[in-house]
Amino acid sequence: MERKNMTPTTIKEVFIETINIPLDAPFTIATGVKYEMENVLIIVRLENGLEGYGEAAPLEPVNGENQATALATLNSCRDFLVGKDVADFRQISKHLKSVYGVQVTARSAIEMALIDAFTKSLNTPLYTFLGKAENKIETDYTIDIVSPETARKNAAKLAGKGYNTLKTKVGKNLVEDIDRLLAIKDGAPNCYLMLDANQGYSPADAVHFLGELKKNNIRPELFEQPVRKDDLRGMKFVKDHTSVPIAADESVFTATDAIKVVQAGCADLINIKLMKSGIVEALDIAAIARSANMELMIGCMIESRLGLGCAVHLAAGLGGFRFVDLDPHLEPAQDPFTGGPEFSEPVYSLSDEIPGIGVAKK
């Protein structure tokens, strides 16, 4: 590319590296166990010297990707990205989706890096660029599939830290799930409860499960993805047999998926995750949900403060996210990044003084 085509926001160099950090404890959900953060970092350096950071956080049981596939995709995009202007992030995103349709975490990382670099060039925080609806958001904290005694201790500890809402994973064993919920309620009696089955139940078992909880005076704030992602009729069956709000998670990766969920009338809200959709598609999904009077939730995979920080910016920028599920996966000393939204459990706060996502490598 000739120098005359260059602008200050043209990508000059692209760097890609892996992020491998052991988790403090195995993280168990209905579809598998994760022992380590195995992500990929992409950095775009502009002609003006600024850098944008993006993180791919694949979770194979959910999005079908792993670190190796994300790394291969990002490396194959390197030459394409050099010489592009980050101000054209929507055009770049559209092209990448047409070529790498199923490699969503890699595409999300690229979008994150482009938009981080672009908003830095504008000297504007990402959440301000997106609308600056709020400058603080409060997250829940997730208790995975552990023994009832461990769940009780964790719940009490989290309540003591100030968390008002606890989420737990279910869907692996109905009886054990109920025992864990009772233990969490015992450990943190004043906390609101949210459930995430990660597609683990049949429609009938999901309804039975909620009925058993009701007998024990437990009414969750929401029930996330109770059945298989492609079973919208089954999800509607659950929704029609409970007053507990039903959230579509794995059922919605794209704006087209969101339209199908709206048409099926099978959910009360949609959980947006950047690692399912990317940033550009997430904006479309949010617009569809709002137009259908559905509520919004923002969630995460297993990200560092980079991916989490970007999600915080999106939720605060757009506003109106009733449920926020962005609990950190790493202690600050383990995290390979610094900066980003300030986190004082359980509240994220955003600054008007820091452009972009605000995250830097240690």
Side-chain angles (χ1 to χ4, degrees), residues 52-55 89 108 111-112 115-116 118-120 122-142 158 161-167 191-192 194 221-222 224 245 247-249 252 255 258 268-301 303-329 332 337-359:
Y53 295 84
E55 180 178 15
F89 66 86
S108 181
E111 289 181 5
M112 196 182 302
I115 296 173
D116 184 36
F118 182 52
T119 49
K120 283 177 180 174
L122 297 175
N123 198 31
T124 301
L126 176 53
Y127 87 106
T128 301
F129 179 74
L130 293 173
K132 197 179 178 179
E134 306 171 60
N135 62 8
K136 294 180 185 292
I137 59 172
E138 179 178 336
T139 182
D140 63 31
Y141 199 97
T142 299
L158 291 165
K161 289 184 175 182
Y163 286 93
N164 296 301
T165 303
L166 300 179
K167 173 178 163 180
C191 284
Y192 298 109
M194 293 161 46
E221 295 298 297
L222 69 79
E224 190 179 342
D249 180 6
V252 179
D268 300 286
L269 62 143
I270 292 175
N271 186 359
I272 291 174
K273 292 178 179 174
L274 298 183
M275 294 302 141
K276 292 189 305 176
S277 61
I279 299 171
V280 173
E281 192 94 9
L283 299 177
D284 293 340
I285 293 170
I288 290 165
R290 292 176 196 274
S291 68
N293 291 319
M294 295 179 70
E295 303 216 68
L296 288 170
M297 175 180 182
I298 186 122
C300 57
M301 300 298 192
E303 289 113 303
S304 70
R305 71 170 61 213
L306 174 56
L308 288 174
C310 187
V312 170
H313 275 277
L314 185 137
L318 296 184
F321 282 79
R322 180 180 171 188
F323 300 99
V324 176
D325 183 30
L326 298 174
D327 48 326
H329 308 292
F337 302 100
T338 60
E342 181 184 342
F343 186 54
S344 179
E345 296 177 298
V347 176
Y348 286 98
S349 302
L350 292 140
S351 168
D352 290 336
E353 307 299 321
I354 304 174
I357 300 170
V359 169

Decide side-chain contact (heavy atoms from CB on, under 4.5 Å) for Y163 and E345; before the verdict, give the C-alpha distance in whole Å, the side-chain angles of both, and the deciding distance to 0.1 Å.
CA-CA 7 Å; Y163 286 93; E345 296 177 298; 3.0 Å; yes
The criterion is side-chain hydrogen bond (donor to acceptor under 3.5 Å, both in side chains); which residues satisfy it with [X], sequence neighbours excluded?
X    : value
T139 : none
E134 : none
Y53  : E51
E138 : N164

As an exercise, state the distance from CG of L314 to CD1 of I298, rounded to the nearest 0.5 Å.
5.0 Å
Y192: partners by ring-ring contact (aromatic ring centres under 6.0 Å, His included), with sequence neighbours left out:
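Residues passing ring-ring contact (aromatic ring centres under 6.0 Å, His included) with Y192: none at all.
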Sorted by first residue and then second, give each side-chain hydrogen bond (donor to acceptor under 3.5 Å, both in side chains) pair with at least one member in residues 347-356; sequence neighbours left out.
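Applying side-chain hydrogen bond (donor to acceptor under 3.5 Å, both in side chains) to every pair that reaches into residues 347-356, excluding sequence neighbours, yields Y127-D352, K132-D352, K136-S349.
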Going by salt bridge (charged side-chain N to carboxylate O under 4.0 Å, His left out), name the residues that satisfy it together with E303, two or more places apart in sequence or in a different chain.
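For E303 there are no salt bridge (charged side-chain N to carboxylate O under 4.0 Å, His left out) partners, ignoring immediate neighbours.
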Report the residues that fulfil salt bridge (charged side-chain N to carboxylate O under 4.0 Å, His left out) with D284, sequence neighbours left out, ordered by chain and then residue number.
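Partners of D284 by the salt bridge (charged side-chain N to carboxylate O under 4.0 Å, His left out) criterion come out as none, since no residue qualifies.
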Under a 3.5 Å distance rule, please check whether T119 uses its side chain to pair with a backbone N or O of L126 as donor and acceptor.
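Not a single qualifying donor-acceptor pair exists.
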side-chain contact (heavy atoms from CB on, under 4.5 Å) with A133: which residues, sequence neighbours excluded?
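side-chain contact (heavy atoms from CB on, under 4.5 Å) list for A133, sorted by chain: empty.
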Check: residues 317-326 side-chain donor-acceptor pairs under 3.5 Å, at least two apart:
from, atom 1, to, atom 2, distance (Å)
R322, NH1, E295, OE2, 2.6
D325, OD1, T142, OG1, 3.2
D325, OD2, K167, NZ, 2.6

Under the salt bridge (charged side-chain N to carboxylate O under 4.0 Å, His left out) definition, can you give me all pairs with a residue in residues 269-283, not counting sequence neighbours?
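Counting only pairs at least two positions apart or across chains, the salt bridge (charged side-chain N to carboxylate O under 4.0 Å, His left out) contacts touching residues 269-283 are K97-E281, D249-K273, D249-K276.
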